[in-house]
Amino acid sequence: MTRRRAAESSAQCDTAPGDPTAQPQDSRESLRDPHENAQRERRIDPRDPRTWSSGADVQLTASLSTMTDKQLGRALAYHKCVFRLPKEWWHNQHTDRYESCTAVASDVVKVNRHYYLNSTIVSPGPAKHVAHTLQFPLSLHCCFTKWHVRRFLDARFNKPQTLEDLGLKELPGQQGVTASMAAWVFMVTHSALTPEEQLAGIDILEPDPKSYRQALHHPILAPFWVKSAKKEMDNLWRRNCFKKHLVRDLTPAQRKLIYGSQFHHKIKRNTETGELKSLKTRLVVMGNQMKQGESYVDAFAPVPRSTAGRVMMSLAAALDLEMHCVDLSQAFIQASWADLPEDVQQVFIRPPSGWDEDPGVVYEVCAPLYGHPASARCLHYTLDKFMLESGFEKTGF
């Protein structure tokens, strides 16, 4: 056996690199060869399941009944399908009971001539600290369990015929996101876990999304960001911060005062553990597009330094007084343009990118919004007026 291996190794070394009869020593070499890739693409027949060797080759319109367990598992893993599994499938070692969970298909393995689908548990949060993966058969062939992937798909999606019936209708890069969002929306609306518990299993190093589009493409947090953005817009409309106008109804001078807007996303974390606590979305006016004298008169607003806070704490300690702090929710829109000593220019904004709105619609800004250069100045004058009316006296600046 040793001599035979040595002879084979010697034959491979003696073969010329350009020899067409040479066989690759590793399948990775064929993947790196463009000629081999082109030959492989020609061998793939979308109508012939026998030519589907990877999950990307499986057609979305192919019948599930004609797929082998290996093809079905690879297709589900390729599209990163997310499943809300019944409680009989998983025993939570953290709580020592059977619970439902949400898992993402990751890969396929072969054990004793049968194929199993490996899935990564993404919910609930405590699952992060115990068994992180699940492995269950793709068809009924094991005597120790009645649960398998095909039976779950029939029950969850009402006997689907193709991969499209599972919600896989987008481009390959988007299909996993679509299935993931549907599963997480189902989890959020039907799970008994609190939002804090649902977010506890997310990586503590998860970065803030740079745009609303990026937030919508997150495989796990997308439904949370959608809910946060909707809450922000509902609050703004409820506080009469906007008036809806059609662009065609505006004058040429008003059309020059239309600016952009965007969502700003922030992940709130536990200060002690670093785990995700909540998601915050804020609508921001793109004030960098505005010019002083056209869109606003003045942007100056006095800002207290940290020295003022230390002075207040020193006085409270010396006089044995109690101090209270308050966090104003949506502080800027609590202010009123009428409190400014100067006139306020009427401005309009376009709905943020990705937000569902009728075409040709803009919003008139009726309240100080984040991003507007004069919002901080307006809040200062509103707070100043409130303090004076409450009996306080102004000292210093």
Side-chain angles (χ1 to χ4, degrees), residues 174 208-217 222-266 279-303 328-386:
Q174 307 295 332
D208 298 332
K210 301 299 182 181
S211 64
Y212 188 56
R213 185 182 299 275
Q214 182 180 353
L216 291 181
H217 283 69
F224 290 92
W225 288 123
V226 171
K227 183 178 179 181
S228 178
K230 185 178 183 303
K231 179 181 178 181
E232 169 72 5
M233 294 299 290
D234 291 344
N235 288 336
L236 293 178
W237 281 106
R238 181 171 52 86
R239 295 178 182 272
N240 300 320
C241 297
F242 296 134
K243 287 184 181 179
K244 188 178 295 188
H245 296 272
L246 294 176
V247 177
R248 65 172 181 264
D249 296 335
L250 301 180
T251 64
Q254 290 176 329
R255 294 180 184 179
K256 294 181 181 180
L257 299 175
I258 300 178
Y259 304 98
S261 66
Q262 63 182 12
F263 285 123
H264 177 73
H265 305 279
K266 181 65 177 179
L279 305 180
K280 184 68 175 179
T281 301
R282 183 78 70 192
L283 180 68
V284 179
V285 179
M286 300 182 71
N288 59 321
Q289 302 174 354
M290 299 182 181
K291 295 182 180 180
Q292 187 173 5
E294 296 180 1
S295 307
Y296 62 96
V297 178
D298 196 357
F300 173 76
V303 179
L328 298 179
S329 176
Q330 296 180 319
F332 280 172
I333 66 174
Q334 306 286 348
S336 175
W337 289 126
D339 296 330
L340 284 176
E342 63 271 6
D343 296 333
V344 179
Q345 179 64 49
Q346 185 184 36
V347 296
F348 304 86
I349 61 172
R350 290 182 292 271
S353 177
W355 186 252
D356 187 15
E357 185 55 271
D358 298 332
V361 171
V362 294
Y363 302 150
E364 178 185 354
V365 179
C366 303
L369 296 181
Y370 287 86
H372 194 292
S375 294
R377 178 178 177 84
C378 184
L379 178 61
H380 163 68
Y381 277 97
T382 299
L383 287 176
D384 181 71
K385 179 182 177 181
F386 170 77

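All values reported here derive from a predicted model rather than from experimental measurement.
- Residue Asn288 qualifies as enclosed at atom CG: its count of foreign heavy atoms under 6.0 Å is above 12.
- A side-chain donor-acceptor contact under 3.5 Å links His217 to the backbone of Arg213.
- The nearest pair of heavy atoms linking His372 to Tyr296 is CE1-CB, 4.1 Å.
- The minimum heavy-atom distance between Ile349 and Leu369, with the atom names listed, is CD1-CD1, 4.5 Å.
- Side-chain atoms of Val285 and Val347, non-hydrogen and from C-beta on, never get closer than 4.5 Å to each other.
- Nearest heavy atoms, Thr382 versus Gln334: CG2-O, 4.2 Å.
- In this structure, Leu250 and Val362 have side chains that are in contact, with non-hydrogen atoms separated by less than 4.5 Å.
- Applying the salt bridge (charged side-chain N to carboxylate O under 4.0 Å, His left out) test to Lys210 and every residue at least two apart in sequence or in another chain returns nothing.
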Between Asn235 and Ile333, does a side chain to side chain contact (heavy atoms under 4.5 Å, CB included) hold up when you go through it step by step? CA-CA 10 Å; Asn235 288 336; Ile333 66 174; 5.8 Å; no
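- In this structure, Tyr212 and His265 have parallel ring planes: the angle between them is below the 30° cut-off, well short of the 60° mark.
- Within the 4.5 Å cutoff, the side chain of Val226 has heavy atoms near those of the Leu216 side chain.
- Of all the heavy atoms in Gln289 and Gly260, the pair that sits closest is OE1-N, 3.1 Å.
- Between Trp237 and Lys244, the closest side-chain pair of non-hydrogen atoms falls below 4.5 Å.
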Pair His264, Tyr370 - check ring-ring contact (aromatic ring centres under 6.0 Å, His included), show working. CA-CA 10 Å; His264 177 73; Tyr370 287 86; 9.5 Å; no
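- Residues His380 and Phe300 are not in side-chain contact: their nearest non-hydrogen atoms beyond the backbone lie 4.5 Å or more apart.
- Between Asp234 and Arg238 no salt bridge is recorded (no basic side-chain N to carboxylate O distance below 4.0 Å).
- The distance from the OG atom of Ser261 to the CG atom of Leu283 is 5.0 Å, given to the nearest 0.5 Å.
- Using a 4.5 Å heavy-atom threshold, the side chains of Leu246 and Val361 count as touching.
- A 4.5 Å side-chain heavy-atom check between Leu257 and Met290 finds every atom pair outside the cut-off.
- Under a 3.5 Å cut-off, the side chain of Gln346 and the backbone N or O of Glu364 do not form any donor-acceptor pair.
- With contacts defined as side-chain heavy-atom distances shorter than 4.5 Å, the pair Pro352/Met286 does not qualify.
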